[in-house]
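A quick write-up on the structure given underneath.
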Number of protein chains: 2
Amino acid sequence: MREPISADQAERLAPLLKALADPVRLRLVSIVAASEGGEACVCDLNDAFDLSQPTISHHLKVLHDVGLLDRSKRGVWVYYAVRREVLADVATLIGGNA
Amino acid sequence: MREPISADQAERLAPLLKALADPVRLRLVSIVAASEGGEACVCDLNDAFDLSQPTISHHLKVLHDVGLLDRSKRGVWVYYAVRREVLADVATLIGGNA
DNA sequence: CTCGGACATCGACAGTCATCAATATCTACG
DNA sequence: CGTAGATATTGATGACTGTCGATGTCCGAG
């Protein structure tokens, strides 16, 4: 029976959840998080789905825009990495645990 | 570096997150969870927002449909309660903890 | 410099969503 | 029964979303 979250908190948390509230993006985050070194190349991510390359790129942009994924370009390839603290914060706020 | 979630898991988790991915619904869940006895009357929830009664009713329906809120009618009033196990499961899957 | 490949951006389209006003449903009370 | 209040449903509307094909941008190889 803790205090309800504030309207501000809700406004900040909602976009993060919205970004995660898609099967493709959930799997993207999950695959990246499970990858060696905690990061994955877009080329590999493309292969993991039956979707067009622009669509995957779009989903990655959504996740990156809300701060869930870090992006680093190395040569011709782009690598994404999960920002685990952000993910953990979301989980904590949802779970309502201390 | 655990295993990525399956496509099936993603398809099941996404609707729950989608239901939570709205500032109003986040606050609804939070207010209900923080209420005495773990449940809240719709009349009180209506007063907590600057939205029309049908809109609140709609949001409650969304949350109830995905199984995040329990619903019980007592007399003229309807009470909603948070299904904490469901919420906890979501948090766990997001956090990626065991 | 030019070419090819990796990734992003653009424009479009169909589908979904949040919100409201109006209306329906249900329940207690007289 | 008939009325009043609490909640749900309906229908409409403007905004947003996931997806694609086409195109743009950037980098390394030759």
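The chains referred to below are lettered A, B, ... by the order of the sequence lines, with proteins before strands, and numbering in each begins at 1.
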From [options], nucleotide with atom closest to [X] side chain:
{"X": "Arg71(A)", "options": "dA8(D), dC17(C), dA8(C)", "result": "dA8(C)"}
{"X": "Val78(A)", "options": "dT17(D), dA8(C), dC20(C)", "result": "dA8(C)"}
{"X": "Cys41(A)", "options": "dC27(D), dC20(D), dC7(C)", "result": "dC7(C)"}
{"X": "His58(B)", "options": "dC26(C), dT7(D), dA18(C)", "result": "dA18(C)"}
{"X": "Cys43(B)", "options": "dA22(D), dA22(C), dT7(D)", "result": "dT7(D)"}
{"X": "Trp77(B)", "options": "dA28(C), dT19(C), dT7(D)", "result": "dT7(D)"}
{"X": "Val76(B)", "options": "dG18(D), dC7(C), dA6(D)", "result": "dA6(D)"}
{"X": "Ser57(A)", "options": "dA8(C), dA18(C), dC20(D)", "result": "dA8(C)"}

_Earlier contact from the 5' end, DNA chain D, for Val42(B) and His59(A)_ = Val42(B)
Using whole Å, what does the distance between atom [atom2] of nucleotide [N] and atom [atom1] of [X] come to?
{"X": "Leu63(B)", "N": "dA8(D)", "atom1": "CG", "atom2": "P", "result": "12 Å"}
{"X": "His64(A)", "N": "dT9(C)", "atom1": "NE2", "atom2": "C1'", "result": "15 Å"}
{"X": "Asp47(B)", "N": "dA6(D)", "atom1": "CG", "atom2": "C1'", "result": "12 Å"}
{"X": "Asp65(A)", "N": "dG18(D)", "atom1": "CG", "atom2": "P", "result": "13 Å"}
{"X": "Lys73(A)", "N": "dA8(C)", "atom1": "NZ", "atom2": "C1'", "result": "9 Å"}
{"X": "Lys61(B)", "N": "dT10(D)", "atom1": "NZ", "atom2": "C1'", "result": "12 Å"}
{"X": "Leu60(B)", "N": "dT19(C)", "atom1": "CG", "atom2": "P", "result": "12 Å"}
{"X": "Ile56(B)", "N": "dA6(D)", "atom1": "CD1", "atom2": "C1'", "result": "14 Å"}

_On a heavy-atom basis, which atom in Leu69(B) and which in Arg83(B) lie closest, and how many Å separate them?_
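Where Leu69(B) meets Arg83(B) most closely, the heavy atoms are C-CG, 4.4 Å.
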*Kindly say whether, by distance alone, the side chain of Gln53(A) makes a donor-acceptor pair under 3.5 Å with the base of dA6(C)?*
no
*Counting only side-chain N and O atoms of Thr55(A), is one of them less than 4.0 Å from OP1 or OP2 of dT19(D)?*
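For dT19(D), neither OP1 nor OP2 has a side-chain N or O of Thr55(A) closer than 4.0 Å.
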*Any side-chain N or O of Tyr80(A) under 4.0 Å from OP1/OP2 of dC7(C)?*
no
*asked:* With nearest nucleotide decided by heavy atoms, which residue, Asp44(A) or Pro54(B), maps closer to the 5′ end of DNA chain C?
replied: Asp44(A)
Indicate, with a heavy-atom threshold strictly under 4.0 Å, whether [X] touches base, sugar-phosphate, or nothing.
{"X": "Phe49(B)", "answer": "nothing"}
{"X": "Asn46(A)", "answer": "nothing"}
{"X": "Arg25(B)", "answer": "sugar-phosphate"}
{"X": "Tyr79(B)", "answer": "nothing"}
{"X": "Leu51(B)", "answer": "sugar-phosphate"}

*asked:* Let me confirm one number: the CG-CG distance from Leu20(B) to Leu87(B), rounded to the nearest 0.5 Å.
replied: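 Going from CG on Leu20(B) over to CG on Leu87(B), the span is 6.0 Å.
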*Roughly how far, to the nearest 0.5 Å, is OG1 of Thr92(A) from CD of Glu85(A)?*
12.0 Å
*Is it possible for you to check whether Arg74(B) lies under 6.0 Å from the centre of the six-membered ring of Tyr79(B), through NZ or CZ, and within 45° of that ring's axis?*
yes
*May I ask you to decide if Ala7(B)'s main-chain N or O and Arg12(B)'s side chain share a donor-acceptor pair within less than 3.5 Å?*
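No.
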_Short side-chain to backbone donor-acceptor contact, Ser35(A) and Ile31(A), under 3.5 Å_ = yes
